Amino acid sequence: ILRDANGDTVLAQTAFLYAQYEQLKMTLLAQSNILTVRVGETLLSVVDAQCRYTSGGAGFRVDGGTMMVDDINVSRCLRVE
């Protein structure tokens, strides 16, 4: 998980196994200062103590490789209390 504001800051990372051309489901959730990413069965979640994400953009970035996308869906999650 990378914050790209005033320079790159790695907030969380992990290695995971994959096969070339393997189809993986990827999801990203940003809720206040909690960022959660799931790639296949791998889950990362981090609290960003320096930022609260009330607006802006989020996406997937690949360094040194290729990512092919079959389908993408962006939605707003409303918190119900």
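Computed from a predicted model, the values in this text were never measured in an experiment. Heavy atoms only: backbone and side chains are in, while hydrogens, waters and symmetry mates are out. Count residues from 1 along the sequence.
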Single-linkage hydrophobic cluster L24~V69, side-chain heavy atoms < 4.5 angstrom: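 They do share one cluster, since a chain of ILVMFWY contacts under 4.5 Å joins L24 to V69.
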Applying the 4.5 Å side-chain criterion to the ILVMFWY set and letting contacts propagate, would L28 and V46 be lumped into a single cluster?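 Same cluster: L28 reaches V46 through Ile, Leu, Val, Met, Phe, Trp or Tyr contacts under 4.5 Å.
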Could you pull out every donor-acceptor pair under 3.5 Å between side chains of residues 7-23 and any protein atom, sequence neighbours left out?
residue	atom	partner	partner atom	Å
D8	OD2	R61	NH2	2.8
E22	OE1	A19	N	2.8

Taking only distance into account, with no hydrogens and no angle test, what donor-acceptor pairs under 3.5 Å do side-chain atoms of residues 32-42 form with protein atoms, sequence neighbours excluded?
residue	atom	partner	partner atom	Å
S32	OG	R52	NE	3.1
N33	ND2	D48	O	3.3
T36	OG1	S45	OG	3.0

